[in-house]
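Comments concern the structure below.
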Amino acid sequence: TAELLETNLKLTFEIDERKKVEQQLVRSELQYKTLLEHIPQHIFYKDIMLRYVLSNQSFLDLICKSSEEIKGKTDFDLFNYEDALKFRQNDKFVIEKEQTIEFDERWEKDGYERYYHSVKTPIYDENRNLIGLLGIFWDITEQRRSQQQLLYAERLSGIGELAGGIAHEIKNPLSNISSAIQLLESDIEKKPEFMELINIIHVSIKDATDTIGKLINFSAPHDMELKRNNLYDFLIRTCNLLKSKFIRNNIELEIIKENEISESKFDEINMKSALVNIIINAIQAMPQGGKLTIKIIERKDKQILIFK
């Protein structure tokens, strides 16, 4: 009948529409899954008991697990106790506050310390019941190290400026002392015992003036200037500048040249600054005294310094 035909047509239309909706849902789900699986950030979803439900492949690759292995597990099943406890505390804080919160989290894996920036947000069902937590995080270890190095460089710059100011203040009195000694020489040149003392004063003033000149050069900004130099000879000269520091701190210095070291190009001021910082750090690490060994090795196109 006409009524039955009309009903069949409506049913067919509804079936076609439902198929279209289902196809759209499949395509949408596929697009979502593709996006989730290819994004480089690590993503996870935990239920209200903070057990893992879902994650993307990037997260699974990071912890070297499959989706089946993490489902229903907690952080205590996947990470060391200290790190897992911190993750759990942060997760609970998000759940309690019911807010999206960002954290910097530390994770030690295979003996290496890594830092991650994470964003965690609570998840609700259609009735606004809290059902879990969604998290996304990414590695910021190198960024963190760069920031620390920048702060260290700024601190060194401040020390350099301070040293430069002090050096300028000391330089003028030394010049006055030197001039006064020259005037005195004419009056006491016939007395050898006094002349010997005068010579000692001259040498001391020269040494102090040279040291101040080095401080001023160190503190002054300069353009990078690469010059050919022998790194081994340069290392010897730099260590000689610190000889009194080695003696005062009861440090025995040994420099080993494993093979012949050819000339190479480097900026002398930056190289000296780097060597002095490393050596001073080494001395400070041995408050009771000890032995500092510096080995220099040449391998093909590389020159390597090993501090031990």
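Owing to the predicted nature of the structure, the values given are computational and were not obtained by experimental measurement.
To the nearest 0.5 Å, the span separating CD1 on I236 from CG on N230 amounts to 10.0 Å. To the nearest 0.5 Å, atoms CH2 (W138) and NE2 (H42) are separated by 10.5 Å. Between I278 atom CD1 and I283 atom CD1 the span is 12.5 Å, to the nearest 0.5 Å. The distance from atom CG of D75 to atom CG of L50, rounded to the nearest 0.5 Å, is 8.0 Å.
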Expected list for residues 77-84: side-chain donor-acceptor pairs under 3.5 angstrom, two or more places apart:
| unit_1 | atom_1 | unit_2 | atom_2 | d |
| --- | --- | --- | --- | --- |
| D77 | OD2 | T74 | N | 2.9 |
| D77 | OD2 | T74 | OG1 | 3.4 |
| N80 | OD1 | E82 | N | 3.2 |
| N80 | OD1 | D83 | N | 2.9 |
| N80 | ND2 | D83 | OD2 | 2.8 |
| D83 | OD1 | R106 | NH1 | 2.9 |
| D83 | OD2 | E108 | N | 2.9 |

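Of the possible polar contacts, one joining the N249 side chain to the K245 backbone as a donor-acceptor pair under 3.5 Å is found. At least one donor-acceptor pair closer than 3.5 Å links the side chain of D139 to the backbone N or O of T141.
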Checklist entry - Between E268 and K227, is a salt bridge (charged side-chain N to carboxylate O under 4.0 Å, His left out) present by the stated rule, with each step listed? => result CA-CA 8 Å; E268 291 188 8; K227 291 183 178 180; 5.5 Å; no
Checklist entry - Going through the distances and angles, do K120 and E105 end up as a salt bridge (charged side-chain N to carboxylate O under 4.0 Å, His left out)? => result CA-CA 12 Å; K120 299 181 178 182; E105 296 179 319; 3.0 Å; yes
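Residues passing the side chain to side chain donor-acceptor pair (under 3.5 Å) test with Q143, sequence neighbours excluded: none.
Inspection of the E98 and Y124 side chains reveals an N or O donor paired with an N or O acceptor under 3.5 Å. Neither side chain, S58 nor N56, offers a donor N or O lying under 3.5 Å from an acceptor on the other.
Relative ring orientation between F93 and F103 is described as perpendicular, the plane-to-plane angle rising above 60° on a 0-90° scale split at 30° and 60°.
Close placement of the Y52 and F59 rings is indicated, their centers lying within 6.0 Å of each other.
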